Student: 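Right, I'll just put the structure down here and ask away after.
Nothing here was measured: the structure is a model prediction, and the numbers come from that model.
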Amino acid sequence: MSEEKSLNFIEEIVEGDLSAGKYKSIVTRFPPEPNGHLHVGHAKSICLNFGLAQKYGGSTNLRFDDTNPTTEETQYVEGIKEDVKWLGFEWANELYASDYFEQLYGFAVKLIEKGLAYVDDSTSETIAAEKGTPTQPGKESAYRNRSVEENLQLFADMRAGKYKDGEKVLRAKVDMASTNMLLRDPILYRIKHAHHHRTGDAWCIYPMYDFAHGQSDSIEKITHSICTLEFVSHRALYDWLIEQLGIFPSHQYEFARLNMTYTLMSKRKLLQLVNEKYVDGWDDPRMPTISAMRRRGFTPESIRKFCDLIGVAKRENMIDVGLLEFCVREHLNKVAQRRMVVFDPLKVVLTNYTDKDETVRCEDNPEDPNTTYRDIPFSGELYIERDDFMENPPKKFFRLAPGQMVRLKSAYIIRCDDVIKDADGNITELHCSYLPESQSGNDKSGLHVKGTLHWVSVPHAVNAELRLYDRLFNTEDPASYEGDLKDILNPGSLQIIQHAYAEPALRNAKFDDRYQFLRKGYYTLDKDTSEDRMVFNRTVTLKDTWAKEQKK
RNA sequence: UGGACCAUUGUGUAACGGUAGCACUGCAGAUUUUGGUUCUGCCUGUCUAGGUUCGAAUCCUAGUGGUCCAACCA
């Protein structure tokens, strides 16, 4: 029996509408503005919109809200499409608000004819001043009562390019005294002599969000138009315009956007990080963008799982970034190929090992019942992790120490006999003896050791560069920090290990392969990899209870 | 100081007038040739005050707290 999963409030609305017969099927949309790249907050919205249509048998449009030509670029359109696809969703139609410019113009004319819109010659300063404040009513514009004919002519002249930017606007005539600021004669059209990424120079007037979004929804017969909480007060205008225009009544529902600890979600600030070179582009693996998470090695499955776990509600929230990491680990644990890589080498010489061409067999993924195996070359000179050895170990240190034994993963048990140091007292290598009868899978030693270490054979080791990422900010809520962003950047957010020693199987690593470097973390090949240099990104570390124990 | 929306363990999210549950985190233990995984157990919560009701997290009122609204941005 599968357990009944409770519905979120939007699913309840949809189920209510469906069972009441209000709609036969639903239509949703994901409406990004192509002025930046998508981030994990958008992923929440994507999963919600596409997920709803999937669950209830409907369809979802991808609609670019491209009504502001000065900030929007085709480059972003392409990036957004790639991101949505990568997340695993298919849109029914690829649409653009700019497809509707002619229709929208017609809607505006209709409003003018109904006496519900007028051309205003006021400067933006005047309009702002007359708008009033949340506690004081606004003042009606001197141009508010122009005749329908005059408005029609003026609006046509606006379109014809007779005026300069900012000289005139088209405003709705609603209520300057409304307690809802958005109803105080909102601007519908403004003049912008700017090149549009799709319509080129065909237009010099562009509709505002409020006169494009709801109308586009209506044109596409969107049944459930889902957006974030800051649009709650827009809903009154949304409904008013649809009613006055007498067009298909789409309905808007609002949910709380995603906030996550240690991460910035504002497109403006993310752009700033890119422009001021605090990160290396939109897909720098430390960014919360979809493209960055992809490059870093997150899987679409794990992001979808995350979006499922965080839920959908109207309460402001702050999700622990650890939950995202949990979802990534959970999925990667199931699919990642295990490999051994030594980050900070300490040489181990097996004094009783007589050279033979030996390989040891190791499963690629113990979580996979159908796991494949690979042969790893073994030899008398090995690298282990420097911090897997301690000369004076504390209690419960299950790794290597003088006289102590550990198992080398998939190979033998070894004992540390001698610690070799240079003139300055630095440990340069360890002399150990191995127990031939302790061979992995064929252990007749009768011993059982607490610790198992990863290792790499010195003569067979291949070189790789490792990029270890940590949170970009050192404050839990960077969005609420008011000073300079660079003051809260985590200086250790990127640590590069130039020369790590990897087992030879890694030489065949391909892009999109997911690896678990044993006892270290999950890694994936970075696009900076070239013929002569392999670069791996750390997707996320493994849980490390030993590190936690030590902090106590 | 106007209006709108919101308030459940540390963080999220359920409970639709009838036993406050789930996940993450944290803690303790078992298993483990990854101090990973897996498994078991445990901790912590209904913003406050009134009211309605046999019974309130749920409904009502007031208060308190948070978020949003005065871009020719979306």
Side-chain angles (χ1 to χ4, degrees), chain A residues 3 5-8 12 31-33 35 65-68 70-72 97 120 123-124 127-138 165-171 178-182 184 187-192 205-206 208-210 212-213 227-236 254 256 261 267-268 309-320 322-327 329-330 333-334 338 340 362-363 366-367 396-399 406-411 413 438 440-441 443 448-454 516-521 541-550:
Chain A
E3 263 162 53
K5 196 179 178 267
S6 57
L7 304 176
N8 66 51
E12 282 180 2
E33 182 187 11
N35 67 346
D65 235 337
D66 56 349
T67 57
N68 185 3
T70 54
T71 59
E72 296 153 6
D120 194 333
T123 62
S124 65
I127 291 176
E130 288 179 347
K131 195 137 217 167
T133 69
T135 53
Q136 290 170 312
D165 287 9
E167 231 178 294
K168 286 180 167 45
V169 291
L170 182 73
R171 288 230 257 170
S178 173
T179 52
N180 183 342
M181 299 292 289
L182 283 155
R184 322 249 261 226
I187 293 171
L188 267 22
Y189 266 91
R190 76 286 215 190
I191 299 170
K192 269 180 194 264
I205 57 171
Y206 292 92
M208 296 287 290
Y209 166 84
D210 287 300
H213 199 103
C227 61
T228 45
L229 247 31
E230 65 268 31
F231 292 96
V232 167
S233 54
H234 290 251
R235 191 174 62 236
E254 312 87 10
T261 56
K267 263 202 246 179
R268 205 195 90 244
L309 286 184
I310 59 178
V312 176
K314 302 187 78 159
R315 190 185 340 164
E316 292 290 335
N317 59 78
M318 179 65 76
I319 307 285
D320 189 336
L323 185 63
L324 213 208
E325 292 171 353
F326 163 81
C327 294
R329 287 193 189 101
E330 182 182 57
N333 177 51
K334 291 189 193 112
R338 312 293 132 124
M340 294 198 285
C362 188
E363 73 277 0
E367 299 297 313
K396 294 204 280 186
F397 184 79
F398 304 141
R399 305 177 184 183
V406 293
R407 174 172 291 283
L408 297 176
K409 171 69 182 173
S410 298
I413 293 174
S438 68
S440 185
D443 188 344
H448 81 277
V449 292
K450 271 284 211 176
T452 300
L453 307 186
H454 62 281
Q516 183 197 104
F517 292 174
L518 234 57
R519 305 205 300 139
K520 286 298 196 176
T541 60
L542 252 29
K543 261 176 67 179
D544 191 345
T545 25
W546 172 242
K548 200 186 286 178
E549 179 79 20
Q550 281 177 306

Student: For C73(B), does OP1 or OP2 lie under 4.0 Å from any side-chain N or O of R190(A)?
Tutor: yes

Student: Tell me whether the side-chain N/O atoms of T67(A) come closer than 4.0 Å to OP1 or OP2 in A74(B).
Tutor: yes

Student: Between NZ of K131(A) and OG of S124(A), what distance do you get to the nearest 0.5 Å?
Tutor: 11.0 Å

Student: Has the side chain of S440(A) got a donor or acceptor that lies under 3.5 Å from a partner of the other kind on the base of U33(B)?
Tutor: yes

Student: Return whichever of S124(A) or S438(A) has its heavy-atom-nearest nucleotide of RNA chain B closer to the 5' end.
Tutor: S438(A)

Student: Under 4.0 Å between a side-chain N or O of K548(A) and OP1 or OP2 of G26(B)?
Tutor: yes

Student: For G17(B), give the paired nucleotide (Watson-Crick: N1-N3 plus N6-O4 or O6-N4; G-U: N1-O2 and O6-N3; both under 3.5 Å), or none.
Tutor: none

Student: With the stacking rule set at 5.5 Å and 30°, tell me whether Y209(A) counts as stacking on A74(B).
Tutor: no

Student: Using 30° and 60° as the class boundaries, would you call the ring planes of F231(A) and Y209(A) parallel, tilted or perpendicular?
Tutor: tilted

Student: Strictly by Watson-Crick or wobble contacts shorter than 3.5 Å, is anything paired with U40(B), and which nucleotide is it?
Tutor: A28(B)

Student: Describe the nucleic acid contact of Y206(A) in one word from base, sugar-phosphate, nothing, applying a heavy-atom distance below 4.0 Å.
Tutor: nothing

Student: In terms of side-chain heavy atoms of L309(A), which of G12(B), U37(B), A23(B) is nearest?
Tutor: A23(B)

Student: Just to confirm, is there a sub-4.0 Å distance from OP1 or OP2 of G36(B) to any side-chain nitrogen or oxygen of T545(A)?
Tutor: yes

Student: Side chains of E363(A) and R338(A), heavy atoms from C-beta outward: is any pair under 4.5 Å?
Tutor: no

Student: Taking the minimum atom-to-atom distance to the side chain of M181(A), which one of A14(B), C73(B), C69(B) wins?
Tutor: C69(B)

Student: With a 4.5 Å limit on heavy-atom distance, are the side chains of M208(A) and V169(A) in contact?
Tutor: no

Student: For the base of U1(B), is there a side-chain donor-acceptor partner from Q136(A) under 3.5 Å away?
Tutor: no

Student: Between F517(A) and N317(A), name the one whose nearest nucleotide on RNA chain B is closer to the 5' end.
Tutor: N317(A)

Student: With no angle test and no hydrogens, is the base of G12(B) tied to the side chain of E316(A) by a donor-acceptor pair under 3.5 Å?
Tutor: no

Student: Heavy atoms only, 4.0 Å cut-off, all strands: where does N180(A) land among base, sugar-phosphate and nothing?
Tutor: nothing

Student: Looking at A4(B), does its base get a donor-acceptor pair with the side chain of H234(A) below 3.5 Å?
Tutor: no

Student: Would you tell me if any nitrogen or oxygen in the side chain of K168(A) comes within less than 4.0 Å of OP1 or OP2 on C72(B)?
Tutor: no

Student: So what's G35(B) paired with, Watson-Crick or G-U wobble, going by both distances under 3.5 Å?
Tutor: none

Student: From the set C24(B), A70(B), U37(B), return the single nucleotide nearest to any side-chain atom of L323(A).
Tutor: C24(B)

Student: Return yes if the base of U13(B) and the side-chain atoms of R315(A) contain a donor-acceptor N/O pair under 3.5 Å, otherwise no.
Tutor: no

Student: Is there a Watson-Crick or G-U wobble partner for A7(B) with both distances under 3.5 Å, and if so, which one is it?
Tutor: U64(B)

Student: Using the C1' atom in both, what is the distance from G50(B) to A14(B), to the nearest Å?
Tutor: 28 Å

Student: Test for a donor-acceptor pair under 3.5 Å between the base of U33(B) and the side chain of R407(A), counting only N and O atoms.
Tutor: yes

Student: With both distances under 3.5 Å as the test, what is the Watson-Crick or G-U wobble partner of C59(B)?
Tutor: G51(B)

